[in-house]
Engineer: 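This is the structure, below, for whatever I ask next.
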Amino acid sequence: MVRSWDAAVERARERLAAAPGMRAVGAGEERCFARWELAACAEGELGECVDPEAIGPAEERRLRERLGESGRAWPGGERHRRRYWLLDAARAAPAGTLAVDNWTRGPGQLAVSSLYLHPSARGRGLAADALDRVYRAATAEGLPGYRLEADWTWQHAVRYHLRRGLWVVSWKHALGLTRMPQLPPYRVREEDGRLVLLVADRPSPDPARAVWTPLLAAGSAGRWLRLDETTAYRQADGWVHGYARSTLALHLALAGRPLVRGPQWWAEAWRWADAGEPEGLALRLGDLEQAARAAGRTVVTPYRAPSVPGVPRPAEEPRPYSVTPRPSDGASTP
């Protein structure tokens, strides 16, 4: 049992500093690290692939002005997190960056606040190795894995994390994703025009020997989403039951599939504006894309805002709070 989250986080961060392929950012390297993170923001928000090692003072000013708040430089260092260089034997210089916050998120998880690879170092599994090290460091100290956030409009990053098998836990201000021991490996595959989420009941290093059990299946009923539950899902409990729907919902959004089951569901989407049902994700994606456009960013995603005749866009949670029955989704075993 973890007696102190703060002490466990500190021990996990020391493990990362000693891990092969990683090195803590040293004194005098803060400005260099900040330019690497600036390159990450430029690529994610502006679509400009910039070599962080070639960013001079004039280019740095230009990028920070264009990025606004997200390009802000933090004077005096960043005491709220520990920063690391990712190393690669093929490069004499650092190959990427990683940062872990001083505090935990969710149920006591390490919070990964930054991950970036130099364009020349991609495609060799360095980012995956770094996240695996974070996971091992966290669990070795009794912490339940790690959590990170991804900007919906950074489509490359979102798709990468889902390919890594991260579960979706929230979407309040950004997409919250996690890896934790309580959550088994999962996969989403297409069957008969539906997306089916399956979990590994008996994980195995050999994928051919793993036993995969379907939990949820999402198809279309005209222009509406049809979400079907299996018996295995109804019998599941804990983290799997809580995060399976939100995880499948994000896969649906990335595939450009419907996220709304009907007018009544859309009218009450505010109930799941932080996490949960796919209608809540539909509502939040609209907000995230609108905010990005208002900031002058170009938004290119597969998401399509729902159009429900006669039902206005859901408002925020009404005040005073009132409980209404949850609409039925006609769940059935696929």
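Scope of the values below: all heavy atoms of this structure, side chains included, with no hydrogens, waters or symmetry mates.
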Engineer: Any carboxylate oxygen within less than 4.0 angstrom of a Lys/Arg side-chain nitrogen, looking at Glu289 and Arg293?
Structural biologist: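 Yes, Glu289 and Arg293 are salt-bridged.
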Engineer: So, for Gly145 and Ala138, which heavy atoms are closest and what is the spacing to 0.1 Å?
Structural biologist: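 Shortest heavy-atom separation between Gly145 and Ala138 comes out as O-CB, 3.4 Å.
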Engineer: Return the CG to OH distance between Asp132 and Tyr146, rounded to the nearest 0.5 Å.
Structural biologist: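 Between atom CG of Asp132 and atom OH of Tyr146 there are 7.0 Å.
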Engineer: Quick check: do Leu67 and Leu46 have side-chain heavy atoms less than 4.5 Å from each other?
Structural biologist: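 Side-chain contact under 4.5 Å: yes.
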Engineer: Apply ring pair (Phe, Tyr, Trp, His ring centres under 6.0 Å) to residues Trp265 and Trp272 and explain how you reach the verdict.
Structural biologist: CA-CA 10 Å; Trp265 282 94; Trp272 310 287; 5.5 Å; yes
Engineer: Flag the pair Glu277 and Arg261 as a salt bridge only when some basic side-chain nitrogen lies within less than 4.0 angstrom of an acidic carboxylate oxygen.
Structural biologist: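 Yes, this pair counts.
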Engineer: Flag the pair Glu59 and Arg62 as a salt bridge only when some basic side-chain nitrogen lies within less than 4.0 angstrom of an acidic carboxylate oxygen.
Structural biologist: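 The answer is yes: the pair qualifies as a salt bridge.
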Engineer: If every non-hydrogen atom of Pro52 is compared with every non-hydrogen atom of Tyr116, which pair is closest and at what distance?
Structural biologist: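 Scanning both residues completely, I find the closest heavy atoms to be CD-OH, 3.8 Å.
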Engineer: Identify the heavy atoms of Phe33 and Tyr84 that sit nearest to each other, and give their distance.
Structural biologist: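 Closest approach of Phe33 to Tyr84, heavy atoms only: CE1-O, 3.5 Å.
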Engineer: Find the distance between CD (Glu191) and CG (Leu198) and round it off to the nearest 0.5 Å.
Structural biologist: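 Here the interatomic distance stands at 6.5 Å.
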Engineer: How far apart are the closest heavy atoms of Trp5 and Gly142, and which atoms are they?
Structural biologist: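 So the two residues come closest at CZ3-O, 4.3 Å.
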Engineer: Considering all heavy atoms of both residues, which atom of Ser114 and which atom of Arg81 are nearest to each other, and what is their separation?
Structural biologist: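 Smallest heavy-atom distance, with atoms named: CB-NH1, 3.6 Å.
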Engineer: Stepwise, does the side chain to side chain contact (heavy atoms under 4.5 Å, CB included) test hold for Arg257 with Arg194?
Structural biologist: CA-CA 10 Å; Arg257 302 290 186 91; Arg194 302 182 302 172; 5.7 Å; no
Engineer: State whether the number of non-hydrogen atoms from other residues, nucleotides or ligands found under 6.0 Å of His241 atom NE2 is greater than 12.
Structural biologist: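 Yes.
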Engineer: Once rounded to the nearest 0.5 Å, what's the spacing between atom CZ of Arg159 and atom NE2 of His251?
Structural biologist: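 Result: 10.5 Å between the selected atoms.
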Engineer: Does Arg245 pair with Glu229 as a salt bridge, N-O distance under 4.0 Å?
Structural biologist: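 A salt bridge links Arg245 with Glu229.
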Engineer: Please examine the side chains of Pro107 and Arg147, heavy atoms only from C-beta on, and report whether any two atoms are closer than 4.5 Å.
Structural biologist: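 SC-SC contact between Arg147 and Pro107 confirmed.
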Engineer: Do Trp171 and Asp274 come within less than 4.5 Å of each other through their side chains, counting heavy atoms only?
Structural biologist: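 Contact flag for Trp171/Asp274 side chains = no.
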Engineer: Does the pair Arg122/Asp88 count as a salt bridge with the N-to-O cut at 4.0 Å?
Structural biologist: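 No, Arg122 and Asp88 are not salt-bridged.
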Engineer: Which atom pair, heavy atoms only, marks the closest approach of Tyr186 to Leu166?
Structural biologist: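 Looking at all heavy atoms of both residues, the shortest contact is OH-O, 2.8 Å.
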Engineer: How about CD on Gln290, more than 12 heavy atoms from neighbouring residues, nucleotides or ligands closer than 6.0 Å, or not?
Structural biologist: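 No, the 6.0 Å shell around CD holds no more than 12 heavy atoms from other groups.
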Engineer: Is there a side-chain contact between Thr247 and Leu216 in this structure, where contact means two heavy atoms from C-beta onward sitting under 4.5 Å apart?
Structural biologist: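 A side-chain contact is absent here, since even the closest heavy-atom pair is not under 4.5 Å.
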